[in-house]
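Okay, structure first, notes after.
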Amino acid sequence: MSKIKKALDDDMLAQEKFDKMKEELLNNQKGEKMNFDYYVNYFSMLEDRLVDTGRYVAFENENLSTFSVEYASIINECCALINGFCYDLCKIRRPDRKEFDVNEYKKEFMKNKFEVKEYISFGKFVLQPWSRLLTNKIDARESTPSWWNKYNDVKHGGEVNFRFSTLQNAISCMAGMFWLLFIYDINQQGLTMCSWRGAFRDAGNCERKVSWEC
């Protein structure tokens, strides 16, 4: 029970970090570019933590359903980071707005021509973290990535849904954040080397078999 409580506490801490960051954006942001380095550095820290779990849990198909406090923490912090990044992206285009939701995030991706067909690799695994956006029902739950829905299930379901804090969902949400950074770096900053890349890599947009559906 103490481990579950810690995971829930981590969730609250991650949300507090996002709320603080959002408050700073409301006070300081006047249409400037987002602080890309902040997101890259935070992502890299989370990536190191995920890779480090490989010392105890082999990154194999048989272990994808393994769940733990550390995976819960990575998922919570990563999704809070995604929330912050997407909020920042929307706020740059709509400085008059103070609130955005996931449906507006998805619409913003489409406006910015973010390539949702992009494949992302992590070791032996290949996935399309945002492929569900291809559905016509942009506002439907079915068009939201399954890993985001699982994150919300854990966040709002507590102990009952702790089992969704899995290696697979941790990899999926991290791939989702990598995709945001990669596409933004290419489209908005005009960089082609993306020297900040680590264990996660872009794998192009040519059709290929994915390790699991996101």
Side-chain angles (χ1 to χ4, degrees), residues 1-15 18 42-83 85 102 105-106 116-135 140-182 197-203 207-214:
M1 290 295 292
S2 61
K3 291 184 177 181
I4 295 176
K5 183 178 183 302
K6 182 180 183 302
L8 297 178
D9 289 341
D10 287 341
D11 180 27
M12 294 180 62
L13 181 61
Q15 186 62 43
F18 166 66
Y42 203 146
F43 172 82
S44 296
M45 179 272 293
L46 292 175
E47 183 181 58
D48 288 343
R49 286 174 54 190
L50 177 61
V51 170
D52 191 56
T53 66
R55 297 166 57 194
Y56 314 101
V57 180
F59 297 148
E60 299 291 343
N61 291 324
E62 293 81 1
N63 293 330
L64 289 174
S65 60
T66 299
F67 59 94
S68 72
V69 170
E70 179 66 355
Y71 291 143
S73 178
I74 291 171
I75 291 168
N76 289 331
E77 289 199 46
C78 183
C79 287
L81 193 66
I82 289 172
N83 216 355
F85 183 95
V102 67
Y105 295 164
K106 292 185 288 187
V116 297
K117 293 183 179 180
E118 195 76 21
Y119 290 88
I120 305 300
S121 65
F122 176 74
K124 66 185 292 183
F125 303 121
V126 176
L127 52 158
Q128 284 182 300
W130 295 92
S131 60
R132 277 187 155 191
L133 295 187
L134 296 173
T135 180
R141 179 180 169 90
E142 289 74 19
S143 69
T144 301
S146 59
W147 49 266
W148 184 269
N149 290 331
K150 289 294 189 296
Y151 154 67
N152 276 320
D153 290 340
V154 172
K155 179 179 178 181
H156 300 295
E159 181 183 353
V160 175
N161 292 328
F162 181 62
R163 68 185 186 280
F164 296 136
S165 304
T166 64
L167 171 61
Q168 177 173 313
N169 287 329
I171 294 174
S172 295
C173 70
M174 287 290 291
M177 185 62 209
F178 174 87
W179 176 81
L180 289 172
L181 295 173
F182 175 74
R197 292 180 301 177
F200 284 88
R201 293 277 170 165
D202 56 291
E207 187 172 352
R208 57 192 299 181
K209 183 177 180 181
V210 294
S211 300
W212 59 82
E213 297 295 331
C214 292

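Only a predicted model underlies this, so the values are computations on that prediction, with no experimental measurement involved.
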Can you tell me how far OG1 of Thr144 sits from CG of Asn152, rounded to the nearest 0.5 angstrom? 9.0 Å
Are Glu213 and Arg132 ion-paired here, with the side-chain N under 4.0 Å from a carboxylate O? no
Gap between atom CE of Met174 and atom CD1 of Ile120 - 0.5 Å precision: 12.0 Å
Taking the side chain as every heavy atom from C-beta outward, state whether Phe178 and Arg197 have any pair of such atoms under 4.5 Å apart. yes
Using modelled atom types and a 3.5 Å cut-off, is there a donor and acceptor pairing between side-chain atoms of Tyr119 and backbone atoms of Arg208? yes
Nearest-0.5 Å distance that lies between atom OG in Ser73 and atom CG in Leu46: 8.0 Å
Going through the distances and angles, do Asn161 and Phe164 end up as a side-chain contact (heavy atoms from CB on, under 4.5 Å)? CA-CA 6 Å; Asn161 292 328; Phe164 296 136; 3.4 Å; yes
List the atom pairs, with distances to 0.1 Å, where a side-chain N or O of residues 50-63 and a protein N or O form a donor-acceptor pair under 3.5 Å, not counting sequence neighbours.
residue : atom : partner : partner atom : Å
Asp52   : OD1  : Arg55   : NH1          : 3.3
Thr53   : OG1  : Leu50   : O            : 2.6
Thr53   : OG1  : Tyr71   : OH           : 3.1
Glu60   : OE1  : Lys124  : NZ           : 2.8
Asn63   : ND2  : Ala58   : O            : 2.9

Taking side chain as C-beta onward, heavy atoms only, is Phe200 less than 4.5 Å from Phe43? yes
State, yes or no, whether a side-chain contact exists between Arg49 and Glu70 at a heavy-atom distance under 4.5 Å. yes
Checking Tyr42 against Glu77: is there a side-chain donor and acceptor pair closer than 3.5 Å? yes
Hey, is the main chain of Cys79 close enough, under 3.5 Å, to the side chain of Asn83 for a donor-acceptor pair? no
Please tell me if the side chains of Cys214 and Trp130 come closer than 4.5 Å, counting only heavy atoms from C-beta onward. no
Check whether any side-chain heavy atom of Trp179 lies under 4.5 Å from a side-chain heavy atom of Asp202, and answer yes or no. no
Minimal heavy-atom distance between Pro129 and Ala175, with the atoms involved, is CG-O, 3.6 Å
Scanning both residues in full, the closest heavy-atom pair of Ile82 with Cys173 reads CD1-O, 3.6 Å
Suppose we screen for side chain to side chain donor-acceptor pair (under 3.5 Å). Which residues come up paired with Thr166, at least two apart in sequence or across chains? Asn169
How many angstroms lie between atom CD1 of Ile75 and atom OH of Tyr151, to the nearest 0.5 angstrom? 10.5 Å
One should read off an interatomic distance between Leu127 CG and Ser211 OG, to the nearest 0.5 angstrom, of 6.5 Å
Restricting to pairs with a member in residues 161-176, which pass salt bridge (Lys or Arg N to Asp or Glu O under 4.0 Å), not counting sequence neighbours? none
The criterion is salt bridge (Lys or Arg N to Asp or Glu O under 4.0 Å); which residues satisfy it with Lys209, sequence neighbours excluded? none
Taking the six-membered ring for Trp, are Phe162 and Phe67 parallel (under 30°), tilted (30 to 60°) or perpendicular (over 60°)? perpendicular
Can you tell me how far SG of Cys78 sits from CD of Glu47, rounded to the nearest 0.5 angstrom? 10.5 Å
Any donor-acceptor N or O pair under 3.5 Å, side chains Trp212, Ser172: yes
